[in-house]
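To start, the structure under review is shown below, and the notes come after it.
These numbers were taken from a predicted model, which means no experiment stands behind them.
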Amino acid sequence: MPKARLISAALVSVALLSACAQIPQRSQVQTGPNLNSVSANETINYSPAEPLDGQTEKETVTGHITAGTGPQNDYSTARNYLTQKFRAKWTPSDEVLVQYGPLQVLVGSDHQVEVRLKIQAYVDSNGYLHSLDTPEDRTLKYQLTKENGNWRISDGPNLTIVNKPVFDVLFTGYSIYFFDNAHQYLVPELRWFPVRASTGTRLVNALLAGPSKWLEKAVATSLPNDVKLAIQSVAIADGVAHIDLNSKAVAASTMQLRYFVAQLEATLRQLDTVTSVELSIDGNVRSLGALSYLQPAELNPNPIALTKNGLKYLNPGTTSVAGSQALVKTTEATDFAIEVNNRDIVLKSSKGTFWGRLGQIDRTVTRVDERSNALNPVFDTSGLIWSLSRSRGSSVHLLTSTGLKTKVDARWLADYNVDSFSLSPEGSRAALVVHNGLTSKLLVSAVIRTATGLPIELGEPYEIT
């Protein structure tokens, strides 16, 4: 029976690189609604109870925590459990704790209530979702005072608490888009926010705050670090998102502003209320021309499989890929990669890694990597070939059709054997499955490139729990 392996590198990249945003203990995959376009009007909201007269200190605190399930109207119900003074200061978006198990509420002296809980994940102010290997203990303290005859919270943590089922209902994953260092492709990074009227503002603030630490060397910063929103609001009217930046943005060049507008459009168009953006600086609208950038190659709608008789398309009425049979037979290939143009092909076997071109009359191949235990080769967006060995301490080779071009700096890989490697569609992120002894890890790493797009380094890895 012929063995077949599907071309799935792009799919693996998307799956692995999205995993960093998942909370453990998910249920089975089921078909659901398209989340690329989200309307606040279509979102299910909880309606928590308002405070009642005569509630105890404990009831006031638990009522406030429960009201954190209602983000509508800027958590107005949760704010009603606070004193007038603290109500204006409380910032619930600083952190979201995903609860694991029950809460323990203890009423102490001096009208202080202590809440003890375990969390399995948390979301910070920029929407990063941090999943934890094991549940983490947290202790929260609330100070209460009487106001108009009822207990109200006068001081407490700037956060909300939800359990995982509630989190899955209230929060949606959004991509924040940054340009790669060569400004050729937009690179998405997943963040999590509750769907409500202020989601556009939070998306823009997250974009201005920049990428996460593990990704920052693979992407470019379009604006100076001190650029902020002039007012903390992104107004959306008739499909246009109006973004007004502070005076620090004057220092940005026209090209930097154009890059930023492209980032804004890609990020904000995930909201079905936004079709375009208008950028202004201190109220002065800036007219900026459209910016062209590359789109990552789409997945081949006609998958290809490797068999002992060459490459075959897996569409109905399977047909062979012209010129592949001789190349597969010559190299005794067990795996392969094919460029989007379906001409250049890289074949891997126990003899090494070979480059060939489909449709050539002479059917010749060139050995580009002699290592016999190489992983499946991967084509870069620039047409170069990534080749990694399974052996611990082996180098990462970047190849052309004639052989070794350069080595990619990945010194942190020295302690690992590599079991699997893949690139994201735009080529700015790598996913690796590695092991050290009996311990396996799933890691993502930034692909650091020169201004011309040449990969030079795999950044320090981020472990997916």
Side-chain angles (χ1 to χ4, degrees), residues 38-40 71-76 79 85-96 123-128 158-159 172 174-179 183 186-189 191-212 215-216 219-291 293:
V38 179
S39 169
Q72 55 269 32
N73 300 319
D74 194 21
Y75 293 90
S76 59
R79 290 183 188 276
K85 183 177 181 181
F86 185 50
R87 190 177 301 174
K89 296 180 180 179
W90 185 59
T91 53
S93 299
D94 280 7
E95 192 175 27
V96 179
V123 181
D124 65 21
S125 59
N126 288 316
Y128 296 119
N158 291 311
L159 51 78
T172 295
Y174 297 91
S175 291
I176 307 295
Y177 285 92
F178 304 95
F179 270 102
H183 287 95
L186 282 170
V187 182
E189 185 178 14
R191 308 289 179 85
W192 292 84
F193 300 109
V195 181
R196 53 195 180 103
S198 62
T199 301
T201 303
R202 296 200 63 186
L203 290 173
V204 175
N205 280 330
L207 185 58
L208 289 169
S212 59
L215 184 63
E216 62 184 0
V219 296
T221 302
S222 297
L223 299 178
N225 292 334
D226 50 0
V227 173
K228 308 292 181 187
L229 286 173
I231 57 173
Q232 282 301 308
S233 178
V234 172
I236 300 174
D238 299 324
V240 181
H242 301 272
I243 294 93
D244 188 21
L245 301 179
N246 63 14
S247 60
K248 301 294 184 180
V250 173
S253 67
T254 299
M255 184 56 69
Q256 285 177 309
L257 293 174
R258 292 177 70 193
Y259 285 138
F260 186 64
V261 168
Q263 293 174 250
L264 285 170
E265 289 180 342
T267 300
L268 291 174
R269 281 178 177 172
Q270 295 169 97
L271 305 175
D272 67 359
T273 54
V274 176
T275 57
S276 63
V277 302
E278 179 186 75
L279 184 70
S280 59
I281 301 175
D282 271 350
N284 298 312
V285 176
R286 299 295 299 268
S287 297
L288 302 162
L291 180 70
Y293 52 89

Is there a side-chain contact (heavy atoms from CB on, under 4.5 Å) between Leu271 and Leu203? Walk through the geometry before answering. CA-CA 10 Å; Leu271 305 175; Leu203 290 173; 4.1 Å; yes
Let me see the working for Val187 and Phe179 under side-chain contact (heavy atoms from CB on, under 4.5 Å), right down to the final yes or no. CA-CA 6 Å; Val187 182; Phe179 270 102; over 6 Å; no
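Among all heavy-atom pairs drawn from Ala266 and Leu186, the shortest one is CB-CD1, 3.7 Å. For Asn126 against Arg191, the heavy-atom pair with the smallest separation is O-NH1, 2.8 Å. The two residues Leu208 and Leu229 come nearest to each other via the heavy atoms CD1-N, 3.8 Å. Scanning both residues, Asp282 and Ser247, for their nearest heavy atoms gives OD2-CB, 3.1 Å. Between Leu223 and Ala252, the closest heavy-atom pair is CD2-CB, 3.7 Å. Contact detail for Pro211 and Val219: the closest heavy-atom pair is CG-CG2, 3.5 Å.
Of the inter-residue distances, the one linking Ser93 atom OG with Asn205 atom CG reads 10.0 Å to the nearest 0.5 angstrom. Atoms NZ and CD1, on Lys248 and Ile281 in that order, are 13.0 Å from each other to the nearest 0.5 Å. If you take CG on Leu268 and OH on Tyr174, they are separated by 10.5 Å, rounding to the nearest 0.5 Å. Of the inter-residue distances, the one linking Phe260 atom CZ with Leu288 atom CG reads 11.5 Å to the nearest 0.5 angstrom. Rounding to the nearest 0.5 angstrom, the gap separating the CG atom in Leu264 from the OH atom in Tyr177 is 13.5 Å. Separation of atoms OG (Ser198) and CD (Gln72) is listed at 11.5 Å; rounding is to 0.5 Å.
Side-chain atoms of Arg269 come within 3.5 Å of backbone N or O of Thr275 as a donor-acceptor pair. The closest donor-acceptor contact from the side chain of Asn246 to the backbone of Ala230 lies at 3.5 Å or more, if one exists at all. Within the 3.5 Å criterion, the main-chain N or O of Ser76 finds no donor-acceptor partner in the side chain of Arg87. Under the 3.5 Å distance criterion, the side-chain polar atoms of Asp124 are matched with a main-chain donor or acceptor of Gly127. A donor-acceptor contact shorter than 3.5 Å is absent between the side chain of Thr172 and the backbone of Val195. Under the 3.5 Å distance criterion, the side-chain polar atoms of Gln232 are left unmatched by any main-chain donor or acceptor of Thr201. For Thr199 (side chain) and Pro194 (main-chain N/O), a donor-acceptor pair under 3.5 Å exists by modelled atom type. A side-chain donor-acceptor contact under 3.5 Å links Gln270 to the backbone of Thr267.
Under the 3.5 Å distance criterion, with hydrogens and angles disregarded, a donor-acceptor pair is assigned to the side chains of Ser222 and Gln263. Ser125 and Asp94 share no donor-acceptor pair across their side chains, judged by distance under 3.5 Å alone. Checked by atom type, the side-chain pair Ser212/Glu189 shows a donor-acceptor distance below 3.5 Å.
Taking 4.5 Å as the limit, every side-chain heavy atom of Arg202 sits out of range of all side-chain heavy atoms of Val234. Using a 4.5 Å heavy-atom threshold, the side chains of Tyr128 and Val123 count as separate. Under the 4.5 Å side-chain criterion, counting only non-hydrogen atoms from C-beta, Val277 is not in contact with Val240. In this structure the side chain of Ile243 reaches within 4.5 angstrom of the side chain of Leu245, judged on heavy atoms.
Counting heavy atoms of neighbouring residues, nucleotides and ligands inside a 6.0 Å radius, atom CZ of Arg286 does not exceed 12 of them.
In this structure, Tyr259 has its ring center closer than 6.0 angstrom to the ring center of His183.
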